[in-house]
Amino acid sequence: MCCIFTTFNEQAQEPSMNTERISKITIPNFHVVIVAAGCGLRFDKNSPKQYQCLLEKSVLRYSIEAFLKLETLQSLRVVINAQHEHFYSEAIQGLDLAPFVLGGAERSDSVYNALKSLSGLKDDEIVLIHDAARPLICMSDIAALLIAMNEHDAATLAVPVVDTLKYSNSEQNSVERHGLWAIQTPQAFRYGVIKKAHEQAKTGKCYTDDTGLVVDCGVPVHFVKGSKRNFKITEKEDMAFAENILSANLLTEHRTGTGYDVHRFDDSSRDVHTLKLCGVGIPHFKNLKGHSDADVGLHALTDALLGAIGEGDIGLLFPPSDPAFKDMDSAVFLQKARDLVLVKGAKIVNVDVTLICEVPKIGPYRQSIVKRVAEILDITPDRVNVKATTTEGLGFTGREEGVAAQAIATVCFSTKSGDV
Ligand code: MG
């Protein structure tokens, strides 16, 4: 048993929106069985739904991690399909879990296999049974269910039915919805109760959940009002709903950096050269001078990205005194900055670069430049903008002594918030 202060939501429909009360509650110790043995190929023939990726991890992993957050958890068993071992290994990478249990032909067979694997439990210990396809189960609902088990031998999360119900093939009036509840998981049972219910299950009867089994044994099931967000992923659109809910729990922060660079033309060059501007070769009678390939546009962009993530500047990462960078393709510098953005857990939102020069003319190469920069940064071209301007004959660019570039880059950091 564990006494904790926690947030318990009586309404439980929208945890973040309802009135909450803080109370001292007692959450009993418990074991959990997560049923993930279904084929689940309805919306993807190659990957069962419990192994589909929701944002950054699998449906199953969300379900597992929801229970791992509770310190009164004593053991966790996942029941899987014998054909899904490779999916399972990938889904639980980095988690320290007990060996999986192989499922059976029907859901009730899978649960029974898991119960048999828990044979060391005492009859009054609490076992929760949860469908892996409900990844949005939240800690407060699990806690509420466990608290109910202080006074009951069987309990389930459930939500009142609010829609009008009719049989599609009937002329009858609507089904009376008063008193109707939609049953969710997890469901909680005393180990002795649920094990006996499975042992005595009526042969040939189809049980879609475990409350049906214990009711057949005469054990009443207490309903605990759950959250609508704990829906079962069944159709493909359910994945989109789940992603929207998870995204709403992400806190995003945008950061911006700027870059500026200048390279002069090499007056000693006489022939037509191909100078590099933003990764694209542009014929011009003078080359740009520099230790690397002197790509002034990519240097400004690199600095802008490094600025956005607080990583100094291009000179710190690639000192011009280092012979290793002699004549280096500046795409390498920009790729390094891109990699650092990813390592920091951020994503590039957009970049914008302005090339400032009288010559060469940039216009004919603008589309090629956008494409190349997008390619280097591994982002879509709509996130890249390239502009060019002159200085009306003024200053060093006006005297055609060199090319300047300025750039701005925005990146987005996402962090998780709340109980998801
Ligand atoms: Mg430079």
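Only heavy atoms go into these numbers, but all of them, side chains included; no hydrogens, no water, no symmetry mates. For ligands, and for the atoms within them, numbers begin at 1 and follow the listed sequence.
- When distances to the Mg ion (ligand 1) are checked against a cut-off of 2.8 Å, D295 contributes no N, O or S atom below that limit.
- No other N/O/S atom of D261 lies as close to the Mg ion (ligand 1) as OD2 does.
- Judged purely by distance below 3.5 Å, without hydrogens or angles, the side chains of D295 and H263 never pair a donor atom with an acceptor atom.
- Note on K289 versus D267: no salt bridge recorded, every NZ/NE/NH1/NH2 to OD/OE distance being 4.0 Å or above.
- With respect to K122 and E125, no salt bridge is recorded, no charged nitrogen being found less than 4.0 Å from a carboxylate O.
- The atom of H299 nearest to the Mg ion (ligand 1) is ND1, with the search restricted to N, O or S atoms.
- H263 contributes atom NE2 as its closest N/O/S atom to the Mg ion (ligand 1).
- For T397 and T391, the side-chain atoms include at least one donor-acceptor pair closer than 3.5 Å.
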